[in-house]
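What follows is a set of notes on a single structure, which appears directly below.
Predicted model, so just to flag it, every value in this text is computed and none were measured.
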Amino acid sequence: MNADNTIEFHNRIVEIRNNFIAHANNYHLEQVIAFIQFEYIDGQLVSRMNYAEAANYSFHEDELENFMILSSFLMKQVQNKKEKVSAKIVEEMTYDGLMKLGAETIQKSR
(Lines give C-alpha, C1' and ligand atoms only; values in the text may rest on other atoms or scores of the structure.)
Protein backbone atom coordinates (compact mmCIF):
# COMPACT_ATOMS: atom_id res chain seq x y z
CA MET A 1 0.00 0.00 0.00
CA ASN A 2 1.73 3.24 -1.12
CA ALA A 3 0.80 6.81 -0.07
CA ASP A 4 -1.30 7.64 -3.14
CA ASN A 5 -3.03 4.29 -3.00
CA THR A 6 -3.70 4.71 0.73
CA ILE A 7 -5.36 8.13 0.32
CA GLU A 8 -7.45 6.88 -2.58
CA PHE A 9 -8.52 3.82 -0.61
CA HIS A 10 -9.26 5.93 2.47
CA ASN A 11 -11.56 8.13 0.38
CA ARG A 12 -13.36 5.04 -0.94
CA ILE A 13 -13.91 3.75 2.62
CA VAL A 14 -15.23 7.19 3.68
CA GLU A 15 -17.59 7.15 0.70
CA ILE A 16 -18.90 3.70 1.68
CA ARG A 17 -19.27 4.82 5.29
CA ASN A 18 -21.20 7.94 4.32
CA ASN A 19 -23.41 6.30 1.73
CA PHE A 20 -24.14 2.91 3.26
CA ILE A 21 -23.30 2.76 6.94
CA ALA A 22 -23.52 6.00 8.93
CA HIS A 23 -26.90 7.68 9.00
CA ALA A 24 -27.91 6.16 5.68
CA ASN A 25 -31.27 4.71 4.76
CA ASN A 26 -29.69 1.64 3.19
CA TYR A 27 -30.23 -0.66 6.16
CA HIS A 28 -31.40 -3.42 3.81
CA LEU A 29 -27.75 -3.77 2.71
CA GLU A 30 -26.44 -4.85 6.10
CA GLN A 31 -27.33 -6.55 9.36
CA VAL A 32 -25.38 -6.90 12.59
CA ILE A 33 -26.56 -8.94 15.55
CA ALA A 34 -24.75 -8.93 18.92
CA PHE A 35 -25.35 -11.72 21.42
CA ILE A 36 -23.98 -13.58 24.42
CA GLN A 37 -23.03 -17.13 23.44
CA PHE A 38 -23.23 -19.86 26.09
CA GLU A 39 -21.43 -23.20 25.84
CA TYR A 40 -20.83 -26.15 28.12
CA ILE A 41 -17.09 -26.78 28.25
CA ASP A 42 -15.68 -29.45 30.55
CA GLY A 43 -18.87 -29.48 32.61
CA GLN A 44 -19.04 -25.71 33.05
CA LEU A 45 -21.27 -23.14 31.42
CA VAL A 46 -19.08 -20.56 29.69
CA SER A 47 -20.31 -17.32 28.16
CA ARG A 48 -18.74 -14.94 25.68
CA MET A 49 -19.78 -11.90 23.69
CA ASN A 50 -20.16 -12.56 19.99
CA TYR A 51 -21.67 -11.05 16.87
CA ALA A 52 -22.79 -11.96 13.39
CA GLU A 53 -22.68 -9.61 10.43
CA ALA A 54 -23.94 -9.69 6.89
CA ALA A 55 -23.10 -6.86 4.51
CA ASN A 56 -23.04 -6.28 0.78
CA TYR A 57 -20.26 -4.07 -0.60
CA SER A 58 -18.22 -4.31 -3.79
CA PHE A 59 -14.58 -3.36 -4.16
CA HIS A 60 -12.41 -3.21 -7.24
CA GLU A 61 -9.88 -6.00 -7.45
CA ASP A 62 -6.97 -3.67 -6.61
CA GLU A 63 -8.82 -2.45 -3.49
CA LEU A 64 -9.31 -5.92 -2.02
CA GLU A 65 -5.77 -6.26 -0.69
CA ASN A 66 -6.00 -2.86 1.02
CA PHE A 67 -9.39 -3.79 2.42
CA MET A 68 -8.01 -7.04 3.83
CA ILE A 69 -5.13 -5.18 5.54
CA LEU A 70 -7.53 -2.64 7.00
CA SER A 71 -10.04 -5.32 8.02
CA SER A 72 -7.36 -7.33 9.79
CA PHE A 73 -6.24 -4.28 11.76
CA LEU A 74 -9.82 -3.33 12.66
CA MET A 75 -10.75 -6.89 13.68
CA LYS A 76 -7.85 -6.88 16.16
CA GLN A 77 -9.17 -3.61 17.58
CA VAL A 78 -12.70 -5.02 17.79
CA GLN A 79 -11.43 -8.17 19.50
CA ASN A 80 -9.60 -6.10 22.12
CA LYS A 81 -12.71 -4.00 22.81
CA LYS A 82 -14.91 -7.10 22.89
CA GLU A 83 -12.65 -8.68 25.51
CA LYS A 84 -12.81 -5.53 27.65
CA VAL A 85 -16.62 -5.34 27.37
CA SER A 86 -16.98 -9.06 28.15
CA ALA A 87 -14.81 -8.69 31.25
CA LYS A 88 -16.84 -5.66 32.37
CA ILE A 89 -20.14 -7.55 31.94
CA VAL A 90 -18.82 -10.51 33.92
CA GLU A 91 -17.49 -8.15 36.60
CA GLU A 92 -20.78 -6.25 36.94
CA MET A 93 -23.14 -9.20 36.59
CA THR A 94 -21.16 -11.70 38.69
CA TYR A 95 -20.30 -15.22 37.65
CA ASP A 96 -23.40 -16.68 39.35
CA GLY A 97 -25.65 -14.17 37.58
CA LEU A 98 -24.20 -15.14 34.19
CA MET A 99 -24.58 -18.85 34.94
CA LYS A 100 -28.21 -18.32 35.97
CA LEU A 101 -28.90 -16.30 32.80
CA GLY A 102 -27.21 -18.98 30.68
CA ALA A 103 -29.16 -21.81 32.31
CA GLU A 104 -32.46 -19.92 31.88
CA THR A 105 -31.66 -19.21 28.25
CA ILE A 106 -30.85 -22.86 27.55
CA GLN A 107 -34.07 -24.00 29.29
CA LYS A 108 -36.18 -21.56 27.25
CA SER A 109 -34.58 -22.69 23.98
CA ARG A 110 -35.52 -26.35 24.49
Side-chain angles (χ1 to χ4, degrees):
M1 201 184 298
N2 62 43
D4 291 337
N5 187 309
T6 302
I7 291 170
E8 208 174 289
F9 185 67
H10 173 264
N11 291 338
R12 173 86 165 116
I13 294 296
V14 169
E15 177 188 343
I16 290 170
R17 177 206 176 271
N18 292 341
N19 291 324
F20 294 100
I21 300 170
H23 311 295
N25 292 324
N26 297 317
Y27 300 114
H28 64 281
L29 296 175
E30 63 183 68
Q31 292 183 7
V32 178
I33 299 169
F35 56 93
I36 299 176
Q37 183 174 352
F38 295 95
E39 295 180 81
Y40 279 111
I41 299 175
D42 296 329
Q44 291 194 349
L45 185 62
V46 178
S47 65
R48 66 179 181 209
M49 296 293 292
N50 214 331
Y51 71 95
E53 176 183 11
N56 182 11
Y57 304 112
S58 294
F59 290 97
H60 297 292
E61 209 171 302
D62 58 340
E63 294 175 319
L64 287 177
E65 183 178 351
N66 293 343
F67 182 73
M68 291 174 70
I69 291 167
L70 179 61
S71 294
S72 177
F73 172 77
L74 293 175
M75 289 306 294
K76 287 177 186 174
Q77 298 299 315
V78 167
Q79 182 64 32
N80 289 340
K81 288 182 179 186
K82 188 173 83 168
E83 288 171 5
K84 287 179 184 177
V85 168
S86 296
K88 189 70 172 172
I89 289 171
V90 170
E91 176 186 315
E92 290 184 6
M93 197 167 179
T94 74
Y95 181 79
D96 291 337
L98 282 173
M99 294 302 108
K100 181 179 176 188
L101 177 63
E104 290 172 0
T105 303
I106 289 171
Q107 288 297 325
K108 288 179 183 177
S109 69
R110 290 183 181 176

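With respect to K88 and E92, a salt bridge is recorded, a charged nitrogen being found less than 4.0 Å from a carboxylate O.
Judged purely by atom type and a 3.5 angstrom limit, S86 uses its side chain to pair as donor or acceptor with the backbone of K82. Checked by atom type and distance alone, the side chain of S109 pairs as donor or acceptor with a backbone atom of I106 at under 3.5 Å.
In this structure, the separation between CD on E104 and CZ on F38 is 9.5 Å, given to the nearest 0.5 Å. L98 contributes atom CG, which lies 10.0 Å from atom OG1 of T105 (distance to the nearest 0.5 angstrom). Considering CG of L74 and CD of Q77, their distance stands at 7.5 Å, rounded to 0.5 Å.
Hydrophobic clustering, with ILVMFWY side chains joined whenever heavy atoms are under 4.5 angstrom apart, keeps V85 apart from V46.
Counting heavy atoms from C-beta outward, E39 and R48 have side chains that approach closer than 4.5 Å.
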